[in-house]
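All values below come from the heavy atoms of this structure, side chains included, with hydrogens, waters and symmetry mates left out. In this text, all values refer to a predicted model and were calculated from it rather than measured experimentally. Throughout, protein chains are lettered first and strands after them, A, B, ... in sequence-line order, and every chain is numbered starting at 1.
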Protein chains: 2
Amino acid sequence: MTRRITIADIATAAGVSKGAVSYALNGRPGVSETTRAKILAIAAEMGFVPNRAARSLSVSTAQTVGIALRRTARTIGVEPYFMELISGIESTLSAGSFGLTLQIVGTLEEELEVYRRWWAERRVDGVFLCDIGTGDQRLDFIADLGLPAVAVGGPIDGARFPAVWHDDVAPCRDILEYLYTLGHRRVARVAGIPGLLHTAIRDRAYTETAAGLHFTSVATVHSDYTGEQGAQITRRLLSSSKRPTAIVYDNDVMAVAGLGVAHELGLAIPEQLSIVAWDDSPLCRLTHPALTSLTRDIPAYGSTCADALLTLIGADKDTDPPGTEARTFSLQCMPGQLSPRGSTGPAQA
Amino acid sequence: MTRRITIADIATAAGVSKGAVSYALNGRPGVSETTRAKILAIAAEMGFVPNRAARSLSVSTAQTVGIALRRTARTIGVEPYFMELISGIESTLSAGSFGLTLQIVGTLEEELEVYRRWWAERRVDGVFLCDIGTGDQRLDFIADLGLPAVAVGGPIDGARFPAVWHDDVAPCRDILEYLYTLGHRRVARVAGIPGLLHTAIRDRAYTETAAGLHFTSVATVHSDYTGEQGAQITRRLLSSSKRPTAIVYDNDVMAVAGLGVAHELGLAIPEQLSIVAWDDSPLCRLTHPALTSLTRDIPAYGSTCADALLTLIGADKDTDPPGTEARTFSLQCMPGQLSPRGSTGPAQA
DNA sequence: GGTGGCAGGCGAACCGGTTCAGCCGCGTCC
DNA sequence: GGACGCGGCTGAACCGGTTCGCCTGCCACC
């Protein structure tokens with residue numbers, strides 16, 4: 001348990017004042033190049049690492065951002081989405097030597113409380129908002145607090161801070177047109193949680209696209225994203241008198257569950273039923289047949305979100321309220337691409 | 001953007017000194033009950049939340065623990081294990097108002113560097129060590145550093161800090177005996193990463209248990225835990241001349257992949273092949289047939305690990321080096337239970 | 001009534017950085 | 001030769017808590 005060395009140790013070792021050491025280490029003017037070099041050498045030799053708390057206290061910056069997830073232990077585990085997102089966020093953050101603080105919460109109230117506490121404690125410099133809902137209460141709350149934030153999802157009308165999102169409209173069209181071309185006329189969609197923004201966006205995109213084609217029916221059933229519900233809904237859909245020849249799922253977990261149900265019912269895939277998944281985690285390639293899915297690069301998405309948050313925080317520090325318009329920018333990522341695999345095929349005559 | 005209020009604000013509002021406020025807020029003696037009540041009331045009214053950096057700086061405690069994961073973005077996402085573990089850890093931490101800092105690293109060197117930095121920055125009060133390997137270099141490194149840590153896995157010979165683990169020996173026996181009873185004599189196991197401690201433990205447990213029964217063959221093939229390798233190995237196993245009638249997988253992702261391969265090869269499950277998975281995430285119940293698996297409560301496991309780390313940190317603070325023997329305790333969790341499902345059945349004659 | 005003990009509270013130092021006013025020495029310019 | 005400017009560095013204040021020594025006033029006791 002070696003003692004941690006402080007800036008004062010370096011100062012005495014170098015025969016200069018604490019202030020000079022601080023200037024030297026932070027690359028600021030105020031010391032000559034020769035003394036700077038000497039100080040840096042001594043610091044490196046002694047293995048100096050600044051104490052975060054002390055720095056945070058002076059500059060009142062935490063060098064940390066936070067993410068609060070409002071999902072249960074079980075559902076958060078199966079969704080590869082979150083870990084991939086976090087992983088992408090992390091890669092950008094650690095490049096900028098920022099830390100990530102994670103908190104899992106149960107309710108909206110808890111989540112808001114976490115933000116308030118983080119803000120009051122100066123524990124984080126900014127946060128990511130996941131699972132953006134339609135009319136999300138968190139948006140105004142966070143904005144009122146003055147806590148820098150980036151919405152992981154969008155677009156958001158009249159947003160008071162940046163949002164990063166994928167265009168979901170084009171992929172919805174791609175999927176429907178693809179299925180239409182394969183001859184499917186009776187299509188069902190197992191959608192995600194109804195309150196979520198992207199669910200609403202996809203709902204609308206499907207409806208509008210379907211209107212332009214000549215489907216017999218395009219039904220949407222909402223779910224909670226869990227495999228259980230995915231299976232249950234699929235079972236219901238497939239046992240109806242006029243069952244669909246293709247089902248589109250809003251995530252990969254439900255698609256896998258749906259495939260399981262189809263197997264259970266003895267349906268041949270893709271001959272008797274085509275399956276499309278949204279979000280192409282490795283999961284989609286583990287099944288047989290492999291799932292046709294909408295591929296998005298979630299880690300890259302996370303990176304982009306982190307970039308947005310870091311620039312927002314940086315901007316906050318440099319420019320002042322005049323630069324407000326710069327904060328509300330939104331960033332659109334490349335839309336997902338459809339990756340056809342074995343789970344989709346021509347509709348049976 | 002309301003101003004954050006400080007202890008000094010409360011002091012002036014209450015007409016006392018900063019010191020008195022500190023005593024009052026921390027429930028320490030030094031103030032009368034009446035002034036304490038007054039101070040608490042004022043603090044609550046003003047919505048006071050202490051600045052973490054300032055507190056950390058004085059008491060040199062971060063109220064935060066860290067976890068570094070050394071996996072790639074893709075593989076970390078599919079493994080429900082990690083998120084479930086983190087979720088469990090979180091639930092205990094937030095109850096003790098501790099934060100969790102997460103970092104994803106690429107190499108061992110990076111991971112060690114992260115620990116060193118966290119320690120030097122006083123950024124965390126302790127860490128969790130995941131994916132414990134045989135002869136893990138991190139153990140001595142962390143112990144030498146004097147950074148409190150809990151090993152998520154074990155048991156570890158001559159450990160210098162606590163380890164929390166599940167007994168893997170009994171489950172291995174349970175699985176083999178179960179398969180034996182079903183009439184399987186030719187069993188294969190797709191094991192995890194060879195360097196990991198629990199892989200070694202299971203390797204040995206299988207070998208020893210198998211020796212006591214009368215199997216024709218019990219082969220073990222090691223993998224990297226990914227679905228790709230799981231599929232590849234399964235394909236090889238099933239296309240060999242003397243193919244196994246049952247395959248045991250060391251995680252759920254590979255088991256799902258194996259099931260996919262079996263489907264692909266047209267094998268009826270469980271008639272022609274029985275499949276057993278380790279770690280019963282919801283994934284195991286999504287497939288058809290559902291996977292027989294070894295159920296462990298991973299969130300509870302995470303909670304236990306967090307408890308161990310918190311008591312270790314607490315103990316560190318209260319007692320001194322004399323209490324060293326208390327640090328090296330190990331904690332064994334309830335072993336996993338076998339949950340038979342549709343993927344296992346009697347061996348074909 | 002003088003004294004000791006003690007609860008209650010004050011003021012200042014401290015944690016380890018950052019930052020700013022100010023000082024010193026040197027070169028430059030008028 | 002004196003005023004000025006400026007690079008280089010020091011010393012001290014400051015961030016917002018915690019903690020410790022010490023002072024005060026009150027009560028009990030001899």
Between the protein and nucleotides 14-17 of chain D, list the N/O to N/O atom pairs that are separated by less than 3.5 angstrom.
unit_1, atom_1, unit_2, atom_2, d
D/dG16, N2, B/Ala54, O, 3.4
D/dG17, OP1, B/Asn51, N, 3.4
D/dG17, OP2, B/Ile7, N, 2.6
D/dG17, N7, B/Lys18, NZ, 2.9
D/dG17, O6, B/Lys18, NZ, 3.1
D/dG17, N3, B/Ser58, OG, 3.2

Every protein N/O lying under 3.5 Å from an N/O of nucleotides 22-26 of chain D:
none

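At a threshold of 4.0 angstrom between heavy atoms, the contacts of A/Val16 are confined to the sugar-phosphate backbone, with no base atom among them. Within the nucleic acid shown, A/Ser17 comes within 4.0 Å of at least one base atom, counting heavy atoms only.
Listed pair B/Thr35 / C/dG8 fails the phosphate criterion, with no side-chain N or O lying under 4.0 Å from OP1 or OP2.
Among all heavy-atom pairs drawn from B/Ser91 and B/Ser94, the shortest one is O-OG, 3.5 Å. Summarising the geometry of A/Ala24 relative to A/Leu40, their closest heavy-atom pair is O-CD2, 4.0 Å, with the distance given to 0.1 Å.
Within 6.0 Å of CD on B/Gln137 lie no more than 12 heavy atoms contributed by other residues, nucleotides or ligands.
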Take A/Arg117 and A/Val114 through the side-chain contact (heavy atoms from CB on, under 4.5 Å) test and state the conclusion after the steps.
CA-CA 5 Å; A/Arg117 192 160 43 75; A/Val114 164; 4.0 Å; yes
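Taking only distance into account, the side chain of B/Tyr23 never meets the base of C/dC10 through a donor-acceptor pair shorter than 3.5 Å.
A/Tyr301 places no side-chain N or O within donor-acceptor distance of the main-chain N or O of A/Gly88, the cut-off being under 3.5 Å.
Side-chain contact annotation: B/Thr64 with A/Arg123, donor-acceptor N/O pair under 3.5 Å present.
Here the straight-line distance linking atom CZ of A/Phe128 with atom CG of A/Leu100 works out to 7.0 Å at 0.5 Å rounding.
When side chains are defined from C-beta on, A/Val65 does not count as touching A/Val150, because their heavy atoms never get closer than 4.5 Å.
Remark on DNA chain D: of its neighbouring residues A/Ala20 and B/Arg28, the 5'-side contact belongs to A/Ala20, judged by nearest-heavy-atom nucleotide.
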